[in-house]
Amino acid sequence: MITLESVTNNQQTQVFMKLADENLGVLGYTEHGVRHGRLTAKRAYEILIKLGYDPKTCELAGIAGYLHDIGNSINRSAHEQNSAFLSYHILKESGADYREIGLVIGAIGNHDENEGEPISPISAAVIIADKSDVHLSRVRNPREIDFDIHDRVNYAAKKSIVIVNRPDKTITLDLSIDTRVSNVMEYFTIFLKRMIACQKAARLLKCEFKLSINRTKFL
C-alpha cells in the first residue's frame, strides 16, 4: 500500500511543496508549505482513525491532506485542480494503484470551500483538517497584522485543536483567540464559508461539526 512516508520522500513532492509555499509567500498569503501539509495530513488521518475507519482509508486521507495545496506551485487560481493533477503523477510514480490515486485526487480536487464538496470520507476529513488550521505560526510577517485581516486572525489564534468524539458523533474545532489582536467577528468574516464546508464534511462522516472559541460554543 502507498504510504504517506513514501509520498513525502518523493523528490517531486519536496520540490513542488517548496515552490508552492514560496509562490504564496510572494503573493502575501499565510504559510501553505510543509508545516501546513503535515498538520493537515495528521488531522485528516486522526479524524478517520478515531471514527473507526480502516487503516488504508486513513492513510490515503493523510496523503491527500499532505498534497492538497501542492498545486499552488502552478497558480493560486484553481489550485485544487492543479494539486490533483500534480498528485496524480506523484502517486503513480510512488506505486499507488488507480483506485488509490482516484480517491486521493478526488479529495484534493474538492477541498476548496468555494468550488468543492465532500465526496468521500477521505475528502471530508481533508476539508475539516485543512480549514481547522488557523494559528499564529502561519503568519510570515507579524508586522503586517494591522493591515491584513487574514494575518491578524491567524496571529490571534494561540490554540487550534480538533476534537473527535465518536460516541457523541461530534467533531469540534476548539480555538483560543487573543481578542486583543483580533475579535471573534473578524474570524467569522473570513472563515464563515470554511466553517460551512466543515459542517457539510462532518455530515458526510455522520457527525455534527461544532465550533468553540475561548470556551464559548458558536456552532
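Keep in mind the model is a prediction, meaning the values are calculated, not measured.
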- Inter-residue atom distance Ile90.CD1 - Gln11.CD, 0.5 Å rounding: 11.0 Å
- CD-CD distance between Glu93 and Gln12, expressed to the nearest 0.5 angstrom: 4.5 Å
- Task: Looking only at non-hydrogen atoms, find the nearest pair between Pro118 and Leu204 and report the distance.
- Result: O-CD1, 3.4 Å
- Keeping the roles fixed (side chain from Arg140, backbone from Tyr29), state whether a donor-acceptor pair exists under 3.5 Å. yes
- Min side-chain heavy-atom separation Ile122-Val104 under 4.5 Å: no
- Query: Under a 4.5 Å side-chain heavy-atom rule over Ile, Leu, Val, Met, Phe, Trp and Tyr, are Tyr88 and Ile74 clustered together?
  - Reply: yes
- Query: Backbone N or O of His135 within a donor-acceptor pair of the Asn154 side chain at under 3.5 Å?
  - Reply: yes
- Message: Donor-acceptor check, side chain of Glu59 to backbone of Leu4, threshold 3.5 angstrom: yes or no?
- Response: yes
- Between the CG atom in Asp112 and the NE2 atom in His79, the distance rounded to the nearest 0.5 Å is 5.0 Å
- Within the side chain of Asn183, is there an N or O that forms a donor-acceptor pair under 3.5 Å with the backbone of Thr179? no
- Task: Look at the side-chain heavy atoms of Ile, Leu, Val, Met, Phe, Trp and Tyr, link any pair under 4.5 Å apart, and say whether Leu103 and Ile119 land in one connected group.
- Result: no
- Which heavy-atom pair separates Ser87 from Ile70 by the least distance, and what is that distance? OG-CG2, 4.0 Å
- Message: Atom CD of residue position Gln14 - does it have more than 12 heavy atoms of other residues, nucleotides or ligands inside 6.0 Å?
- Response: yes
- Whether His111 and His68 hold their rings parallel, tilted or perpendicular, with breakpoints at 30° and 60°: perpendicular
- Answer yes or no: are there more than 12 heavy-atom neighbours, outside Lys169 itself, under 6.0 Å from its atom NZ? no
- Where is the tightest heavy-atom contact between Asn75 and Asn82, given as atom of each residue plus distance? O-ND2, 3.8 Å
- May I ask you to test the Ile108-Val126 pair for a side-chain heavy-atom distance under 4.5 Å? no
- Query: Are any non-hydrogen side-chain atoms of His36 and Asp130 less than 4.5 angstrom apart?
  - Reply: yes
- Task: Report the relative orientation of the aromatic rings in Tyr187 and Phe191; use parallel for angles under 30°, tilted for 30 to 60°, perpendicular for over 60°.
- Result: tilted
- Provide the closest heavy-atom pair for Leu86 versus Gly71 in the form atom of the first, atom of the second, distance. CD1-CA, 4.1 Å
- To the nearest 0.5 angstrom, please state how far the CG atom of Asp168 sits from the CD atom of Glu208. 10.0 Å
- Query: For the side chain of Asn23 and the backbone of Ser73, is there at least one donor-acceptor N/O pair under 3.5 Å apart?
  - Reply: yes
- Smallest heavy-atom separation, Lys92 atom then Tyr98 atom, equals CE-OH, 3.4 Å
- Task: Check for a donor-acceptor pair, side chain of Asn165 on one end and backbone N or O of Thr170 on the other, with a separation under 3.5 Å.
- Result: no
- Query: Sub-3.5 Å donor-acceptor pair from the side chain of Asn214 to the main-chain atoms of Thr216, do we have one?
  - Reply: no
- Return yes if some donor-acceptor pair links the side-chain N/O of Asn110 with the main-chain N/O of Gly106 below 3.5 Å, else return no. yes
- Item | Hydrophobic cluster identity match, Ile49 and Ile63, side-chain contacts under 4.5 Å | no
- Message: Under 4.5 Å between side-chain heavy atoms, counting indirect links through other Ile/Leu/Val/Met/Phe/Trp/Tyr residues: same cluster for Val162 and Phe218 or not?
- Response: yes
- Message: Quick one about Ser6 and Thr3 (side-chain donor to acceptor, distance below 3.5 Å, no hydrogens or angles considered), yes or no?
- Response: yes
- Item | Donor-acceptor contact below 3.5 Å, side chain Ser160 vs main chain Ser132 | yes
- Query: For the side chain of Asp21 and the backbone of His32, is there at least one donor-acceptor N/O pair under 3.5 Å apart?
  - Reply: yes
- Interatomic distance, CD@Glu100 vs CG@Leu60, rounded to 0.5 Å, equals 5.5 Å
- Query: Is the closest basic N to carboxylate O distance between Asp97 and Arg99 below 4.0 Å?
  - Reply: no
- Message: Distance check, rounded to the nearest 0.5 Å: Ile127 atom CD1 versus Leu205 atom CG?
- Response: 9.5 Å
- Item | Geometric cation-pi criterion, Lys158 with Tyr155: 6.0 Å, 45° | yes
- Looking only at non-hydrogen atoms, find the nearest pair between Ile177 and Ser182 and report the distance. CG2-O, 3.6 Å
- Query: Cluster question for you: counting only ILVMFWY and a side-chain heavy-atom cut-off of under 4.5 Å, with indirect links fine, are Leu175 and Val153 together?
  - Reply: yes
- For Asp146, enumerate each residue passing the side chain to side chain contact (heavy atoms under 4.5 Å, CB included) test, keeping only those at least two apart in sequence or located in another chain. none
